Amino acid sequence: MTEPLVRSHTDITPELFREGAKAQLNQKYNRMAAKVALALLAALVVLAVLMVQLSGSPASLGFEVVIFALVLGWIRIALPRTECKRAYRAFESRCGGFTGREISFFEGHLLVEPEMGEPLSIPYAEVAGVHETRRTLTLTCADGSRVLLDKEGFQPGELETVRELLKTSG
């Protein structure tokens, strides 16, 4: 086997996992929040019309607006956090508590070597997306799986090499 062009070590902590997953979760829950907001807004309009016709209390309508805001806040803030915690526990369980991994980047593929378990070779052509945050680089594969990388696990200049490998091979 040839020597890798770049080798990186990543310990996936809950904080790193949350940062890497945040963008995907936000996108998912933003769509859900938009759908729920439309449904609740329609219900709110129907309720307002009924209240005007039945001489209802404006305080009741105000209460409905507060409930509307709380539901959207829950979907937008609390639900992604809860989902992230659940996903990290599932990840930790799958890897037996061993959350460290070595990632080696070769000319045509990358190799993920977990502390426990079998190594996984991923051709760059199967990397469907790359998402970058302040501390992480998340590779999304065509099958939906993800590889989370800690940017601090790279030596100076290596991250640029990885970006080029992903850009030219993907």
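Because the structure is a prediction, the values reported are computed rather than measured.
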Inter- and intrachain pairs under side-chain hydrogen bond (donor to acceptor under 3.5 Å, both in side chains), touching residues 95-106, at least two apart: R7-S104, H9-E102
hydrophobic_cluster_shared for L16 and L159, side chain cutoff 4.5 Å: no
Joint hydrophobic cluster, V112 plus I12, side-chain heavy atoms closer than 4.5 Å: no
For [X], enumerate each residue passing the side-chain contact (heavy atoms from CB on, under 4.5 Å) test, keeping only those at least two apart in sequence or located in another chain.
| X | result |
| --- | --- |
| L70 | V66 |
| P123 | E126 |
| T82 | none |

Whether over 12 other heavy atoms sit under 6.0 Å from E15 CD: yes
By side-chain hydrogen bond (donor to acceptor under 3.5 Å, both in side chains) - contacts of S121 (at least two apart): none
Test salt bridge (Lys or Arg N to Asp or Glu O under 4.0 Å) applied to R86 - qualifying residues, sequence neighbours left out: E83
Gap between atom CG of D143 and atom CD1 of I122 - 0.5 Å precision: 8.0 Å
Nearest-0.5 Å distance, CG of residue L149 to CD1 of residue I103: 5.0 Å
D11 and E115: CA distance, side-chain angles, deciding distance, side-chain contact (heavy atoms from CB on, under 4.5 Å) verdict: CA-CA 10 Å; D11 284 313; E115 290 176 350; 4.1 Å; yes
Candidate pair L139 and L110, rule side-chain contact (heavy atoms from CB on, under 4.5 Å), full reasoning: CA-CA 11 Å; L139 312 179; L110 64 108; 3.7 Å; yes
ILVMFWY cluster membership beyond M116 - transitive side-chain contacts under 4.5 angstrom: F98
Any P4 side-chain heavy atom under 4.5 Å of L111 side chain: no
Which atom pairs, donor and acceptor, lie under 3.5 Å between side-chain atoms of residues 150-157 and protein residues at least two apart or in another chain?
| unit_1 | atom_1 | unit_2 | atom_2 | d |
| --- | --- | --- | --- | --- |
| D150 | OD1 | E152 | N | 3.0 |
| K151 | NZ | E132 | OE2 | 2.7 |
| K151 | NZ | T133 | O | 2.7 |

Taking all non-hydrogen atoms of both residues into account, name the closest pair between [X] and [Y] and its distance.
| X | Y | value |
| --- | --- | --- |
| F68 | L41 | CE1-N, 3.7 Å |
| T10 | L148 | CG2-O, 3.8 Å |
| T138 | G20 | OG1-O, 3.7 Å |

Trace of the salt bridge (Lys or Arg N to Asp or Glu O under 4.0 Å) decision for E160 with R163: CA-CA 5 Å; E160 289 74 23; R163 286 183 186 122; 3.6 Å; yes
Pairs meeting criterion salt bridge (charged side-chain N to carboxylate O under 4.0 Å, His left out) with involvement of residues 39-50, two or more places apart: none
Side chain Y124, main chain K167, donor-acceptor under 3.5 Å: no
Of all pairs that satisfy ring pair (Phe, Tyr, Trp, His ring centres under 6.0 Å), the ones with a partner from residues 70-90, not counting sequence neighbours: F17-Y88, Y88-F91
